[in-house]
Amino acid sequence: MPTEFVLATKTKTAPARHGGSGGRGAGRPNGDGAWPPREPAAPIPANTALLGMAFALVAIAMLFVAFTTTYLGHRQEPGWTQIPLPWILWLDTGILLASSAAVEWGRRQLKRGDTMGFRRALTAGGGLGVAFLVGQLLAWQQLVRQGVYLSSQPHSSFFYLLTGAHGVHLLGGLVAFAIILPRAWRGAYTPPGSVAVNVSSTYWHFLTGLWLYVFIILFWM
């Protein structure tokens with residue numbers, strides 16, 4: 001057989017080295033070497049995110065309803081005494097209401113196209129949220145200076161339990177803001193709004209209403 005024919009045959013049947021084998025075709029892998037090229041993950045639909053948030057809020061509400069039921073049961077026991085109301089809780093309540101108002105104002109500014117107003121309002125809302133948690137710690141310190149501890153009496157136990165549980169959930173909201181704020185200042189959120197911003201705002205407003213509920217249950221019911 002002629003040598004030229006053998007060489008031509010080998011050239012035609014040699015597999016392409018750049019495209020791999022197994023029917024993957026010619027070309028180069030994309031990015032990290034994965035084949036075929038990976039498509040970017042689709043964003044979570046707004047309805048799915050809101051539904052997930054609704055389930056979370058219902059679970060939190062049920063937890064506090066269980067706490068309240070136990071608390072009201074203990075109030076009927078003989079010898080129940082109420083602890084003094086730390087004065088700083090009045091200021092703390094106003095701070096959280098102002099924080100919720102700032103977050104809502106920022107969300108509406110984003111829908112109107114005022115991205116700078118949105119960034120400033122969201123930053124103010126997060127800062128006021130941090131101030132609220134500091135106020136909670138100061139309220140605990142005020143009670144400790146008065147000799148009121150977690151195990152002092154049933155009322156003090158429920159005070160630390162309810163305010164502590166609320167503070168933990170509020171800290172989760174601040175973590176969400178810590179993720180959203182840098183992206184907001186980089187211009188990641190544009191009108192007509194964002195699912196993350198809407199869900200976080202809803203969660204924050206819920207925690208504000210929950211705090212009013214706890215405040216009334218502990219000192220005014």
Side-chain angles (χ1 to χ4, degrees), residues 49-50 52-54 56-57 59-61 63-64 67 83-111 114-146 148-150 156-189 193-220:
L50 292 175
M53 176 57 63
L57 297 186
I60 296 172
L63 174 65
F64 277 83
F67 287 157
I83 64 175
L85 171 65
W87 65 266
I88 198 171
L89 290 183
W90 288 105
L91 176 61
D92 228 19
T93 302
I95 288 175
L96 190 57
L97 288 172
S99 174
S100 186
V103 170
E104 179 61 22
W105 186 79
R107 186 182 68 85
R108 296 188 180 188
Q109 290 304 108
L110 178 62
K111 286 188 175 182
D114 183 5
T115 55
M116 181 55 68
F118 158 69
R119 297 166 189 167
R120 291 174 176 173
L122 200 64
T123 303
L128 290 171
V130 173
F132 173 83
L133 285 183
V134 173
Q136 284 288 294
L137 295 176
L138 293 177
W140 289 358
Q141 289 181 356
Q142 184 178 347
L143 289 178
V144 168
R145 286 196 298 267
Q146 297 175 1
V148 180
Y149 302 95
L150 177 65
S156 64
S157 298
F158 279 102
F159 173 81
Y160 285 107
L161 174 64
L162 289 172
T163 57
H166 179 269
V168 169
H169 288 94
L170 193 87
L171 184 61
L174 289 177
V175 171
F177 282 152
I179 297 173
I180 291 174
L181 277 174
R183 292 175 53 83
W185 283 99
R186 290 197 301 266
Y189 304 116
S194 164
V195 174
V197 173
N198 292 332
V199 169
S200 299
S201 300
T202 301
Y203 180 73
W204 199 253
H205 299 328
F206 171 81
L207 291 179
T208 301
L210 184 61
W211 169 251
L212 296 177
Y213 169 79
V214 168
F215 190 62
I216 292 172
I217 286 293
L218 286 173
F219 294 104
W220 299 108

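Since we're looking at a predicted model, the values are computed, not measured.
Atom CH2 of Trp90 sits about 14.5 Å away from atom CD1 of Ile95, to the nearest 0.5 Å. Rounding to the nearest 0.5 Å gives a distance of 7.0 Å between CD of Gln142 and CD1 of Ile88. We find the CZ-CG distance between Phe215 and Leu96 to be 11.5 Å, quoted to the nearest 0.5 Å. The structure places OG of Ser99 at 7.5 Å from CG of Leu170, a figure rounded to the nearest 0.5 Å. Here CD of Gln109 is found 10.5 Å from CD of Glu104. Values are rounded to the nearest 0.5 Å. Considering CG of Leu133 and CG of Leu138, their distance stands at 11.0 Å, rounded to 0.5 Å.
By the side chain to side chain contact (heavy atoms under 4.5 Å, CB included) test, Thr202 pairs with Leu57, sequence neighbours left out. For Thr115, the side chain to side chain donor-acceptor pair (under 3.5 Å) criterion is met by no residue, not counting sequence neighbours. For Ser156, there are no side chain to side chain donor-acceptor pair (under 3.5 Å) partners, not counting sequence neighbours. Residues forming a side chain to side chain donor-acceptor pair (under 3.5 Å) with Thr208 (at least two apart in sequence, or on another chain): none. When the side chain to side chain donor-acceptor pair (under 3.5 Å) test is applied to Tyr213, the partners found at least two apart in sequence or on another chain are Thr68.
Contact between Ser201 and Val103 at its shortest, heavy atoms only, is OG-CG1, 3.4 Å. Taking each heavy atom of Leu143 and Pro84 in turn, the nearest pair found is CD2-O, 3.7 Å. Residues Phe158 and Phe67 come closest through the heavy atom pair CE2-O, 3.9 Å. Between Gly172 and Tyr203, the shortest heavy-atom distance links the atoms C-CE2, 4.4 Å. Taking every heavy atom of both residues into account, Ala102 and Ala121 meet most closely at O-CB, 3.4 Å. Of all heavy-atom pairs between Phe177 and Ser200, the closest is CE2-CB, 4.2 Å.
The side-chain heavy atoms of Trp140 and Thr163, taken from C-beta on, include a pair separated by under 4.5 Å. Residues Trp204 and Leu174 are in side-chain contact: their nearest non-hydrogen atoms beyond the backbone lie under 4.5 Å apart. Between Phe159 and Leu89 there is a side-chain heavy-atom pair separated by less than 4.5 Å.
For residues 162-183, the set of pairs meeting the salt bridge (charged side-chain N to carboxylate O under 4.0 Å, His left out) definition, not counting sequence neighbours, is empty.
A donor-acceptor pair under 3.5 Å is absent between the side-chain atoms of Asp114 and the main chain of Leu110, judged by distance alone.
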Can you list the steps and then say if Leu210 with Leu207 is a side chain to side chain contact (heavy atoms under 4.5 Å, CB included)? CA-CA 5 Å; Leu210 184 61; Leu207 291 179; 4.3 Å; yes

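Outside the 6.0 Å centre-distance limit, the rings of Phe64 and Trp211 are not counted as a close aromatic pair.
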